[in-house]
Amino acid sequence: MTNVPGIFAENVFNEQTMRERLPEQTYMAFREAIEGGNPLDISVANTIADAMKDWAIEKGCTHYTHWFQPMTGVTAEKHDSFLTPSDSGKVIMEFSGKELIKGEPDASSFPSGGIRATFEARGYTTWDPTSYAFVKGNTLCIPTAFMSYTGDVLDKKTPLLRSMDRINHEAVRILHLFGKEDVTRVDATVGPEQEYFLIDRKLYDRRKDLRYTGRTLFGARPPKGQQLDDHYFGAIKDRVSDFMAELDEELWKLGIYAKTEHNEVAPAQHELAPVFTSVNIAADHNQLTMELMKRIAQKHNMACLLHEKPFKGVNGSGKHNNWSLSTNTGENLLKPGKKPEENTQFLLFLAAVIKGVDEYQDLLRLSVATAGNDHRLGGDEAPPAIISMFLGDDLEAVVDAIIKREDYESQGKVMMETGAESLPAIKKDTTDRNRTSPFAFTGNKFEFRSLGSALNISCPNIMLNTIIADELKEFADELEGKKNFESACRRLIRKTFKEHKRIIFNGDGYADEWEAEAKKRKLLNLRSTPEALKHYNDEKNVALFERNHVFTRREIEARQEILLDNYIKIINLEALTMLDMAKKDIFPAVSRFTAELAKNISAKTAVSDKIPTAAEEKLLEKLSHLLCAFCDKIDELEGELPGAKEFERDKGRCAEFYCDTVFDTMQELRAISDEMEMSTDAKFWPYPSYGELLFSVQ
Ligand code: ADP
Ligand code: MG
C-alpha cells in the first residue's frame with residue numbers, strides 16, 4: 001500500500017517546503033509580495049532560488065525549466081542546466097534569482113497571431129509564484145507566464161491571472177457591501193473532470209490516423225459498441241487499474257488531489273476527477289495530469305487518447321469545468337443555503353452569473369470551440385452548441401417566484417423511499433442531474449460541460465471570470481451608497497432575473513424542440529468553430545476585455561487568428577492523412593480482395609460451370625462499384641485542398657472553406673471506406689478494426 005500522506009506533494013516546492021527551507025524573513029517577504037501583488041525583491045528571489053535549487057538537486061535534478069503554456073495548446077519547456085563552470089576548472093551548481101524570475105525563450109517558434117514581428121523574436125517568461133515549482137524527472141519546473149518583448153500576451157496563464165484579479169476585486173467589493181469586511185480575497189475555484197480513452201499500444205501504432213491526428217478517420221462500427229451500457233461504473237480491468245494506481249501516485253507526488261476514477265459510458269473510456277482548487281493551479285494541474293496520463297499509459301503498453309472524438313459513433317470525451325467562488329474566510333459564494341429565497345447575497349451572485357452567461361453566450365461557446373470538439377457539441381452525447389443554463393426545479397421556482405413577486409414555498413428535502421425495509425430512506429438531492437445542459441447548477445457550483453477533453457481549461461475560465469467580474473462591477477457600482485441596500489439589492493436581482501430569464505432552460509438539451517425554442521428566445525446557435533470564432537472581436541466583446549484589462553483588441557485579434565489557424569491546420573492534416581491512408585492502404589487492400597474474389601470465381605468455373613458463383617459475383621460487383629466511387633472521392637478531396645489557397649489572407653474564410661467543403665468530402669470518403677470495410681475479408685483490411693481497438697485492453 002502506498003503511504004499517501006508520506007508521498008503527497010513530495011515533488012512540489014510548496015508552502016510547507018518553503019517554510020522549512022527558507023529563512024523566516026525571506027519567507028515573510030515572499031508571502032507579503034504575493035498577497036500584496038508586488039514584485040519580489042531580487043535579494044529575496046536569490047535566496048528562494050538557492051533553496052529551490054538545493055531541494056531540487058536532492059531530488060536528483062540537474063536541470064531547470066521555465067514551464068509555460070503558449071497558444072499551441074500544450075505546455076512548453078526549455079531546459080537549462082544548473083551547471084556553471086567554476087574558476088578552478090570544476091563545475092558548481094548554480095541558480096540565481098534572476099534565472100528564477102525571468103527567462104528568455106526564443107518566442108519565434110510559438111504562435112503569436114502576427115503580434116510578434118520576426119525582428120522582435122524575443123519573448124519573456126516570468127515566474128508565477130502563486131503556482132508552486134515542481135520536479136519532473138531530472139528537471140525543476142517553474143510555472144511561468146509568457147509574453148512578447150513588446151508586452152503582448154502570448155500565453156494562457158497571463159490572462160487567466162488577470163481575470164482572477166478582476167473577479168477577486170469585484171466580488172470583494174460586493175461582499176463589503178454586505179458588511180463582510182473580513183473578506184480580503186475571493187478566488188475562482190475549479191475542479192475539472194477529465195475523460196479519456198485507453199487502448200492497446202500495439203494497435204494504436206498500426207493506425208496512422210490515431211498517430212497523426214489523435215482520432216480515427218476511418219472505421220466501421222463494431223457489432224458491439226456501447227449499446228449495452230455495461231461499461232459505465234463497471235469493474236475496472238487489471239491493466240487499467242495498474243495504470244490508474246501509478247497515475248494516482250505520480251499525481252499525488254505533484255500535490256494533485258486525484259479523487260475518483262471510474263469507467264465512462266463508452267468502452268475503453270474512463271474519467272478522473274481532482275479535488276477543486278483555485279483556477280490557476282487547477283489549470284496547471286490539469287495540463288500536468290494530461291501529460292502524465294499519456295506518459296504512464298505508454299509505460300503500460302497502452303495509448304491514452306485525449307482527443308474529443310476518437311471514434312465515430314461512440315461517445316467522445318469531455319472535460320467538465322466545475323466553477324465556483326470562494327472567500328479567504330472559507331465561504332462558497334454559490335452555496336444557496338437552506339433558504340435560497342431569503343439569501344440575498346447568493347441571489348445576487350446567481351443574478352450576476354445568469355446575466356453574464358446570457359450576455360456573453362458567444363464567448364463561452366467560442367472558448368470551447370476546436371475542430372475536435374465540433375464532433376461532440378450537438379451530437380446527442382454532449383451539450384448542444386446553444387449555450388443555456390440549468391438551475392434545477394427548486395432554484396428555477398425561486399427565480400420564478402421572485403419575478404412574479406410571489407412567495408416561494410420551499411419543498412425542503414424530499415425523502416425517497418427505497419422500498420426495502422433493510423434500506424434506509426434516502427434524501428433526494430434538490431437539483432437533479434441534467435447531463436444535457438451546457439451550464440448546470442449542481443448545488444454549490446456551476447458545471448460548464450461543453451469543454452472538450454483536450455482543452456486547456458484556461459480559456460473558458462478566463463471568459464467566466466472576466467464576464468462575471470464585469471457583471472459584479474456593474475452591480476457594485478449600482479448598489480454602492482444606496483440607503484436601503486437590501487431593497488435595492490432585491491430590486492436589482494428581480495430586474496436581472498426578468499431580463500435574462502431566456503437563458504434558463506431545464507429541459508432536454510438534446511431534443512429537436514429545444515433548437516426551435518432557443519431560436520424563438522433568440523439564443524445563439526453557433527454550430528461550428530469558424531462560426532463561433534467570428535464573434536471573438538465583436539465590439540461588445542472587445543469592450544469587455546479592454547475595460548477589464550484582460551486583453552487588448554490586438555491580443556484578441558491575434559488569438560482569433562491563432563485559433564482559426566489551428567482549426568485550418570487540423571482539418572488540413574486530417575485530410576492529408578485520409579488521402580494517404582486511402583491511396584496507400586485502403587485502395588490496395590480492397591483491390592487485392594476483389595482480385596481474389598475474381599480468381600475464386602474463375603477457379604470454381606474452371607472446375608464446372610454447374611458450381612454457383614453468384615455470391616462471389618455479387619460481392620465482387622458491390623465492392624468494385626464502391627471502389628470506383630472511393631477513387632472518385634479521393635480525386636474530389638485532392639482537388640479541393642488547393643482551393644484553400646484562395647483565402648490565404650482571410651483566415652476566417654479559409655476556416656469556413658475547410659468546414660463547409662473539405663470536411664464534408666472527408667465524411668463522404670469515410671462513409672464509402674466504412675462500407676467497404678464491412679464487406680472485406682478482415683485479413684485484407686490494413687488497420688485494426690473498431691472492435692479490436694475498443695475491446696483491446698483486458
Ligand atoms: P458531482 O459528482 O456531484 O458532480 P463532485 O463532488 O464529485 O460532484 O464534484 C465534481 C467536481 O467538482 C470535483 O472535481 C470537485 O472537486 C468539484 N467541485 C466541488 N465543489 C467545488 C467548488 N466549490 N468549486 C469548484 N469545483 C468544485
Ligand atoms: Mg460532475
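Counting starts at 1 for both ligands and their atoms, in listed order.
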Do any nitrogen or oxygen atoms of [X] come within less than 3.5 Å of a nitrogen or oxygen of ligand 1?
| X | result |
| --- | --- |
| Pro192 | no |
| Trp323 | no |
| Phe276 | yes |

* Asked: Would Thr442 count as a contact of ligand 1 if the rule is a heavy atom under 4.0 Å away?
  ->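 Heavy atoms of Thr442 never come under 4.0 Å of ligand 1.
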Taking 4.0 angstrom as the limit and counting only heavy atoms of [X], give me the atoms of ligand 1 inside it, by number and element.
| X | result |
| --- | --- |
| Val275 | 16 (O) |
| Gly191 | 14 (O), 25 (C), 26 (N) |
| Asn332 | 23 (N) |

query = Can you name the side-chain contact (heavy atoms from CB on, under 4.5 Å) partners of His549, sequence neighbours left out?
reply =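 With sequence neighbours excluded, His549 shows a side-chain contact (heavy atoms from CB on, under 4.5 Å) to no residue whatsoever.
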request  = Look at Arg376 together with Glu308 and state whether they make a salt bridge at an N to O cut-off of under 4.0 Å.
outcome  = no
(message) For Asp242, is there an ion pair with Lys299 - N to carboxylate O distance below 4.0 angstrom?
(response) no
With side-chain contact (heavy atoms from CB on, under 4.5 Å) as the criterion, how do Glu15 and Tyr132 come out once you've worked through the C-alpha distance, each side chain's angles and the decisive distance to 0.1 Å? CA-CA 8 Å; Glu15 287 300 310; Tyr132 304 126; 3.2 Å; yes
Minimal heavy-atom distance between Met164 and Ser278, with the atoms involved, is CE-OG, 4.1 Å
Note: Asn322, heavy atoms under 4.0 Å from ligand 1, region reported as both
- Would you confirm whether Gln361, through its side chain, and Asp358, through its main-chain N or O, come within 3.5 Å as a donor-acceptor pair? yes
